[in-house]
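Worksheet: one structure, shown below.
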Number of protein chains: 2
Amino acid sequence: MLVAVGEVSELGAGDAAAEPAWSERQSAVLEAALRLIVESGDALTMSAVARRASCSKETLYKWFGDRDGLLTATVQWQASKVQVAPVDRARLDLASLGASLTQFAAGWLTVISSDTSVALNRLAVSHAGSHKTDLGRIVLDNGRLAMGRRLKPVLEAGRAAGLIAFDDTEAAFRVFFGLVARDIQIRLLLGDRIDLSAAEIDRDARAATRQFLALHPGAGQGRD
Amino acid sequence: MLVAVGEVSELGAGDAAAEPAWSERQSAVLEAALRLIVESGDALTMSAVARRASCSKETLYKWFGDRDGLLTATVQWQASKVQVAPVDRARLDLASLGASLTQFAAGWLTVISSDTSVALNRLAVSHAGSHKTDLGRIVLDNGRLAMGRRLKPVLEAGRAAGLIAFDDTEAAFRVFFGLVARDIQIRLLLGDRIDLSAAEIDRDARAATRQFLALHPGAGQGRD
DNA sequence: TCCGAACCGTAACGTACGGTACGCTGCATT
DNA sequence: AATGCAGCGTACCGTACGTTACGGTTCGGA
């Protein structure tokens, strides 16, 4: 499941996108909305959220403006909860690099195969079609792009240490993305049932890492 | 529910999985629906389809039963149009195998980056969430699974010829899938703008093929 | 020419839902 | 105690849309 860190402490970096910092009660409402999204997908209604959260619709509109505001707040609130542990960059040999990549891939597979991720991605995909608010952009920023921001330094450190070689960091990351995710995400979004036990995730993460390292051998590194 | 065309009472020749075989006029209606889906996504209405196709709503309901029936018919009709040329398996050397894979990958990238594919996949993802009809299953069958059915014989022929090696055909196909698609489909579904010129598609297809062959070298095949 | 089937255009119906208004309760402050 | 406010519950409104019904038109066949 997704890891909740309880409290998000914004360490500086007060960007234009200010942190709403919802209260306890508001977080409970958002959690109810999230559960309803997971259960009923896009069919969630304001009345259902109010009923589930034991609050009035008027409060929902006062707090979140309109339905889109509630959905956006829910997505951002969930994104703020997902804080994958930073990849360890202490020592840099091929074993530790491989371990970091494997850990990264396993965490990623765990997230994208979770009910919550599937539901929110479905929601964002729906709204990316013809809607004004860009939930798609938010999900993209906190999913695919956040992954890139977190992994690229690891890849570049590995390259600097001569463990792996590539020209374009972005391209290398996308190859790793493909090797890890393959068809899993699209199949899940389309409703295919995939079990994905922890053992399978670990095996798949190791396989993806092995393949990635094989495709980008560093100086002096032969094939496996 | 879906209504069979022409109300075949007992005139035999009615197979279980009969081809709907829409008439010319009905195909025009489906084309109009498809265009509207591409333009406005899930927000398409029966009135809009009737208006665009210059037909009455009553006719829509007579032909397709209900809104879901129209959507299902549209998706299936579009799927029947997409017929990628079968991969050439005449000669089997490493060059022809690579050419087949590259051609396959390029066609695939072209399809999944098309407006039509993005729109229909969005529609199917939306309906996979909480809906009764399984547009997701249809899209999956005609997309990801059809690709597998078409490519797997090529991979196995290459293995039989000793050009490539792998244990599990399904697993090998999924690796190829990942190397070709990477993050493209999910980014497009989430509304990210990707240009993907023909030159880029060709370059990416060649890169994916090269990487796939490198990961599954056949007996006697070294590295590139 | 007449008839019926298919179909177009549109009006109408029912419902679901987003959004708003209002009365009520509990609590904090003065 | 009085006051004000935040929030709950519910009724209500307007609209959009799926679905149905109906009158008018075209067209092929008897």
Side-chain angles (χ1 to χ4, degrees), chain A residues 20-37 39-75 122-123 126-127 129-133 135, chain B residues 1-9 11 20-37 39-75 122-123 126-127 129-133 135:
Chain A
W22 305 110
S23 71
E24 196 74 21
R25 180 77 181 102
Q26 289 167 329
S27 295
V29 171
L30 292 176
E31 176 67 29
L34 179 61
R35 302 284 284 275
L36 280 174
I37 291 172
E39 290 172 17
S40 24
D42 206 359
L44 128 152
T45 68
M46 300 298 278
S47 299
V49 174
R51 203 178 320 122
R52 176 72 67 99
S54 294
C55 72
S56 71
K57 284 168 65 175
E58 192 169 17
T59 301
L60 291 183
Y61 284 99
K62 175 184 291 184
W63 285 349
F64 306 107
D66 56 9
R67 185 173 183 271
D68 268 345
L70 174 61
L71 294 180
T72 303
T74 303
V75 170
R122 282 204 184 116
L123 184 67
S126 307
H127 282 234
S130 65
H131 240 257
K132 41 278 170 190
T133 59
L135 288 182
Chain B
M1 309 306 169
L2 272 174
V3 177
V5 60
E7 194 65 30
V8 184
S9 39
L11 307 173
W22 305 110
S23 71
E24 197 72 22
R25 180 76 182 104
Q26 288 166 330
S27 295
V29 171
L30 292 176
E31 176 68 27
L34 179 61
R35 302 285 283 274
L36 281 174
I37 291 172
E39 290 173 17
S40 27
D42 206 0
L44 126 153
T45 67
M46 300 298 278
S47 299
V49 174
R51 203 178 321 121
R52 177 72 68 98
S54 294
C55 72
S56 73
K57 290 205 277 183
E58 190 170 20
T59 302
L60 291 183
Y61 285 99
K62 175 185 290 185
W63 285 349
F64 306 107
D66 56 9
R67 185 173 183 272
D68 268 344
L70 174 62
L71 294 180
T72 303
T74 304
V75 171
R122 282 204 183 116
L123 185 67
S126 307
H127 282 233
S130 66
H131 240 257
K132 42 278 171 192
T133 58
L135 288 181

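Note on naming: letters A, B, ... go to the chains in the order of the sequence lines (proteins, then strands), and numbering restarts at 1 for each one. All values below come from the heavy atoms of this structure, side chains included, with hydrogens, waters and symmetry mates left out.
Taking 4.5 Å as the limit, every side-chain heavy atom of B:Leu30 sits out of range of all side-chain heavy atoms of B:Gln26. Looking at B:Arg67 and B:Leu44, their side chains come closer than 4.5 Å, going by heavy atoms from C-beta outward. Within the 4.5 Å cutoff, side-chain heavy atoms of B:Leu71 are placed close to those of B:His127. Side-chain atoms of A:Thr45 and A:Leu36, non-hydrogen and from C-beta on, never get closer than 4.5 Å to each other. No side-chain heavy atom of B:Arg122 sits under 4.5 Å from any side-chain heavy atom of B:Asp42.
Note: CD (A:Glu24) to P (D:dG7) measures 14 Å, nearest angstrom. As a whole-Å value, the separation of A:Gln26 CD from D:dA6 P is 12 Å. Protein atom CG of A:Leu70 is 10 Å distant from nucleotide atom P of C:dG18, rounded to whole Å. For the pair B:Trp63 CH2 and C:dA5 C1', the interatomic distance rounds to 14 Å; values are reported in whole Å. Rounded to whole Å, atom P of D:dT19 lies 10 Å from atom CG of B:Leu71. To the nearest angstrom, C1' of C:dG18 lies 14 Å from CZ of A:Arg51. As rounded to whole Å, 20 Å separates atom P of D:dC13 from atom CE of A:Met46. Atom CG of A:Asp68 and atom P of C:dC17 are 16 Å apart (whole Å).
Residues A:Glu24 and A:Ser27 bring no donor and acceptor atom of their side chains to less than 3.5 Å of each other.
Shortest non-hydrogen contact noted between A:Arg25 and A:Ser54 is NH2-O, 3.0 Å. Nearest heavy-atom pair across A:Val29 and A:Cys55 is CG2-SG, 4.3 Å. Nearest heavy atoms, B:Ala73 versus B:Trp22: CB-CZ2, 3.7 Å.
Comparing D:dG7, D:dC17, C:dC7 against the side chain of A:Lys62 picks out D:dG7 as the nearest.
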Under 3.5 Å between N/O atoms: give me all the protein pairs with nucleotides 26-28 of chain D, atom names plus distance.
none

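For residues 53-61 of chain A, proximity to DNA chain C is found at A:Lys57, A:Glu58, A:Tyr61, defined as any non-hydrogen atom under 4.0 angstrom from a strand atom.
In terms of phosphate contacts, B:Arg67 brings no side-chain nitrogen or oxygen within less than 4.0 Å of OP1 or OP2 of D:dA16.
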